[in-house]
Amino acid sequence: MRKHIFYITIAVFGIMFHSCTSGKQEQKQAEATDSITALEYARSMGAGWNLGNQFDAYKDGVASETAWGNKPATQALFDSVAAAGFNHVRIPVTWLGHFGPAPDYRIDSAWLNRIAEIVDYAENAGLKAIVNIHHDGGDSAHWLDIKGAATDSVRNAEVTAQFAAMWTQIARRFADKGDFLMFEAVNEIHDGGWGWGANLKDNGAQYATHNGWMQTFVDAVRATGGNNATRFLGIPGYCTNPRITIDNLVLPADSVPDRLLVAVHFYDPVTFAINGKKTEWGHTGDPALTEKWGDEKNVTDTFDALKAKFIDNGVPVYIGEAGCGNRDGERAEAFRRYYLSYVWRAAADRGIAITYWDNGYNTTGNEAFGLFDRSTGSFYSPVTRAAAMAMTDSYNRTDSTITLENIYNNAPSKK
């Protein structure tokens, strides 16, 4: 997601989750000994949650946990995420300002140790975890510069060398962690055009550069050994756009089979899901308040296309970011819950893991995705709790009442 500075209000509703230490050890041992396919791993990820605008936040070129207004994350937060029915947490990390010069690009130990502490929070709560390189590649504004690299081989060699050095250090730090931890190469790599830029007219130069970086990522991680030799790895497509990914992603070669997952994002339609300009969605929405595209059929068509391209060929898919922001008024919130239920169920039916984007922003309107207080782990309100339950119930429940057809037939009533 794009950069915003968010301020957090006092949490008013909370849940707590208590985990058993011995159970965690048994789980970790099972992960080390059981051989599961990548498709099975994606299914076990299930519905997830993003620690957004936290370690991906930065100011004046330096990443900082509290730069965009969120409080420091706590174990209580991760326990609450697990108790709400989420199965994994994505931990976006921006590394700006925390690495040294070439050729080593040595990562600051304090920053890396804090990320490790957050990974431990996830493990303690029984959650799978994803760590990535996030805004370093945003808009080609920083060192992970797809725009420059695609047009200049010298620049690409510089970027590729740093990319390999960064992932080598990150991977070494976590080489002893079990399969609950997954690495994701990058976030939304693009040239500033969000998929509508020079990539559409450069004869595939940016796509080829991106695919090369994905190979560099896999090679760097595997070379560090330990559990990284077989760790599951997330391979995002260009800009994490589903259609561009389907058409242009070349899956890297890997030294071990069946350990790569494809990552995309889903916020269709943006006017409803992200900026809240449209307050209703789907077949029962008021035409004056709904977007002209991006309805239920768009959801199933997009997910079916991902399934046909990847899942049906043995390559799992996860949606690393998705969601719909907080609304004003019960009717608007009802459509939000309907959207979340429908999208999450459609993903579950196809074996696609999906991760809600929570940026901590506890208000309504544009990019207001906050669910949990980062300090206490409490839901901000019964409204945000209901949104979370719409996702986890829809994804996790298997009884006959939770089907895509039933969700569709129980959409908010027309006016």
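For the single chain, residues carry numbers from 1 onward in sequence order. Values below: all heavy atoms of this structure, side chains included; hydrogens, waters and symmetry mates excluded.
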Taking the six-membered ring of [Y] as reference, does the NZ or CZ atom of [X] fall below 6.0 Å from its centre and within a 45° cone about the axis?
X      : Y      : value
Arg231 : Phe183 : yes
Lys128 : Phe232 : no
Arg327 : Phe272 : yes

Legend entry - Trp143/His135 aromatic ring centres below 6.0 Å: no
Inset, instruction - Step through it carefully: locate the ring centre of Tyr361, locate the ring centre of Phe369, and say whether they are under 6.0 Å apart. - result: no
One thing to verify: whether [Y] and [X] come together as a salt bridge, which I'm taking to mean a side-chain N less than 4.0 angstrom from a carboxylate O.
X      : Y      : result
Lys177 : Glu123 : yes
Lys71  : Glu65  : no
Glu40  : Arg43  : no
Asp358 : Arg374 : yes
Asp254 : Arg259 : no
Asp286 : Lys415 : no

Is the [X] ring parallel, tilted or perpendicular to the [Y] ring (thresholds 30°, 60°)?
X      : Y      : result
Trp194 : His190 : tilted
His134 : Trp357 : parallel
Trp49  : Phe78  : perpendicular
Trp95  : Trp111 : perpendicular
Tyr207 : Tyr238 : perpendicular

Inset, instruction - Applying side-chain contact (heavy atoms from CB on, under 4.5 Å), name anything that partners Ala305, two or more places apart in sequence or on another chain. - result: Arg243, Ile246
I'd like to know if the side chain of [X] reaches the main chain of [Y], judged simply by a donor and an acceptor atom lying under 3.5 Å from each other, with no hydrogens or angles considered.
X      : Y      : answer
Asp258 : Ala38  : yes
Thr240 : Gly237 : no
Ser80  : Gly377 : yes

Legend entry - Set of residues satisfying ring pair (Phe, Tyr, Trp, His ring centres under 6.0 Å) with respect to Phe217, sequence neighbours excluded: Trp167
Legend entry - Within 6.0 Å of NZ in Lys278, more than 12 heavy atoms from elsewhere: yes
Inset, instruction - Return yes when atom CD of Glu405 has more than 12 non-hydrogen atoms of other residues, nucleotides or ligands closer than 6.0 Å, and no otherwise. - result: no
Legend entry - Asp136: which of Val93, Ile189, Asn187, Thr94 passes side chain to side chain contact (heavy atoms under 4.5 Å, CB included): Thr94
Inset, instruction - Kindly write out the residues that satisfy salt bridge (charged side-chain N to carboxylate O under 4.0 Å, His left out) with Lys297, not counting sequence neighbours, or none if the list is empty. - result: Asp301
